[in-house]
Amino acid sequence: MEVEERDPVSGHRTTGHEWNGIKELDTPVPRGVLIFLVITHVFAVTWWFLMPTWPLGTTYTKGLLDVDQRAIVEQQLVDAAAERAPWIDRIERASFEEILPNEMLMSIVQSSGHQLFGDNCAACHGVDGRGSANYPDLTDDDWLWGGDVETVAETMRVGVNTEHPESRVAQMPSFGRDGLLNREQVNSVAAYVYSLSNPDYSTSENIDEIEAGREVFLTSCAACHGANARGNQDVGAPNLTDAYWIYGGDLQTIVTTVHGGRHGHMPTWDERLTNAEIKILALYVHSLRVEKP
Amino acid sequence: MFHNLAPSWSQGSEAMPELFHRKLERSAIGFVLAIIAVASVGGIVEIAPLFTIDETVEEAPDMRVYTPLELAGRNIYIREGCYACHSQMVRTLRDEVERYGPYSLAVESKYDHPMLWGSKRTGPDLARVGGKYSDFGMSRILSPREVVPESNMPAYRWLARNSLKIEDLPLHLEAQRAIGVPYSEEMIENATRDAYGQASPGSDSASNVKERYGAETQVRAFDGVATNVTEMDALVAYLQVLGRLTDAAFEDTAAPEEPPEPIE
């Protein structure tokens, strides 16, 4: 075999193998690729020593740089907290009355509140806080538990119908399904409630039904919603005389509500959010409201 | 054959294959051994740590197992391919920890067969979504455009209409036990009843679920209707328990000034 034989065209060596006059070229790996390969190998081996790499049974090689991602992220969180501390502290210590007129703090509330709202609240109340069917609109003036900033913050903290020990508790009983009212009574009280926000609904034809509904209302509903049906924010009973409805204010939906009851739920944010974050959110929700004409 | 080495050094890279490759290639057994050695590196790196997995996964004595209803929800999560767009793994990065909560620990996936860490986030991470929204909020997210008009997530409204197949849950529990999830004989026998009970508050079966799976177990009509058990019940029950099987991750980061020890 002629190992030294060179191919006249490429100038490369042949392997010396020959099949019926066809010879095999022994073209070397291009030099660029070879250099790249060597560099990556050198890098990889260096990396083994610098970073955590090889598993060793119950432990692993820790590396010379002593890099620990968990320690890094903990440090970053500490740094981030320190970075925010000046204004978080101010928001935490200041009362709502002090923060509201303070433009600097309110601009922080706006930017940081928008983020917090989008992550935590928007899933139910909508990105703009306007709620939707079955979720309260946070931008209007109608509040179940009270709409001043302190009360909103407290509602966020404990939630409604949650496992929190101080949770707000409110339940609309299922008057029809549980047999507290018969079908006729459900229909008449629904008609009465409907007529409260739609005065035109009451005509000489259905005035008897509405009157009967008023009687039912006074015995069964007034305890929570009040004799004047204006609701009671101490027990989370909504005002039934206005145009704001969570579950819908048409007659059919009111019948459904009286029949099957409602058992709303708002999560408690006590563990998930810090005090300052709840404060920021309460202020942010407040600002959503005042921005409206 | 080496007498021409000297001139070929001057021609650079042609010398290296000449020196190592030719030698190696011509020793059949040596070459086979070399191939085995190189090919096994990948295998060893993946397999060797599994031999000591019992020592390397964190301790979490409060770790619960999935209830039959949650397991059924998990199966729906897999069936609908939720993992293709949602991960279940909070990484050790500042923005993730600030947004989702403490980074995920290995022990939290201890009873996940198969694990659903995922590798793509078209939607947000779900590792700590349990308890973040109300049940109704969870089920409504499954009609995404009602919540976020520009969402590109598919709607899953029919889950609320499909009744859940609960008769075969004992078999699912048994399969999980075969691969190491500590379900007791009693849990397996009562799996169907427990699945019904967890979604039917007030029923006799409901109190049994808490007895068997711990007081932390959430017993509710997850889809808002107590009278039947739907696939929505199962999926919402599963979503509501994500990140809540153990508090281990929260305990570790409760004191940021003391970062957790690297696993020894």
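Below, chain A is the first sequence line, B the second, and so on; all start at residue 1. Excluded from the calculations below are hydrogen atoms, water molecules and symmetry mates; all remaining heavy atoms, backbone and side chain alike, are included.
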Can you find a pair of side-chain heavy atoms, one from Glu98(B) and one from Val73(A), that are under 4.5 Å apart? no

For the atom pair CD (Glu216(B)) and CD (Glu163(A)), what is the distance rounded to the nearest 0.5 Å? 8.0 Å

Heavy atoms of other groups near His164(A) NE2, more than 12 under 6.0 Å: yes

Give, as side chain, backbone, both or neither, the part of Arg99(B) having an atom under 4.5 angstrom from any heavy atom of chain A. both

Give a yes or no on whether Phe31(B) atom CZ has more than 12 heavy-atom contacts from other residues, nucleotides or ligands under 6.0 Å away. yes

Closest non-hydrogen atom pair between Val97(B) and Leu77(A), with its separation: CG1-CD1, 3.5 Å

Separation between CG (Asp119(A)) and NZ (Lys132(B)), nearest 0.5 Å, reads 3.5 Å

Nearest heavy-atom neighbours spanning Asn120(A) and Tyr133(B): O-CE2, 3.5 Å

Sort Phe51(B) into side chain, backbone, both or neither according to what part of it lies under 4.5 angstrom from a heavy atom of chain A. neither

Go through it in stages, so that I can follow the logic: the residues are Arg70(A) and Leu105(B), the test is side-chain contact (heavy atoms from CB on, under 4.5 Å), and I'd like the CA-CA distance, side-chain angles, deciding distance and then a yes or no. CA-CA 11 Å; Arg70(A) 294 183 173 187; Leu105(B) 298 181; 3.6 Å; yes

How long is the straight-line distance from CG of Leu93(B) back to CD of Gln76(A), given to the nearest 0.5 Å? 7.5 Å

Nearest heavy atoms of Ser134(B) and Pro267(A), plus distance in Å: N-CG, 3.7 Å

Does atom CH2 (Trp87(A)) have a neighbourhood of more than 12 heavy atoms from anything else shown, all under 6.0 Å? yes

Please report the shortest heavy-atom distance between Trp54(A) and Val45(B), naming the atom on each side. CZ3-CG2, 3.7 Å

Measure Ala122(A) against the heavy atoms of chain B and call it side chain, backbone, both or neither at under 4.5 Å. backbone

Can you tell me how far the NE2 atom of His263(A) sits from the CG atom of Asp135(B), to the nearest 0.5 Å? 10.0 Å

Find the distance between CG (Asp79(A)) and CZ (Arg94(B)) and round it off to the nearest 0.5 Å. 8.0 Å

Arg128(B)/Glu271(A) ion pair, N-O < 4.0 Å: no

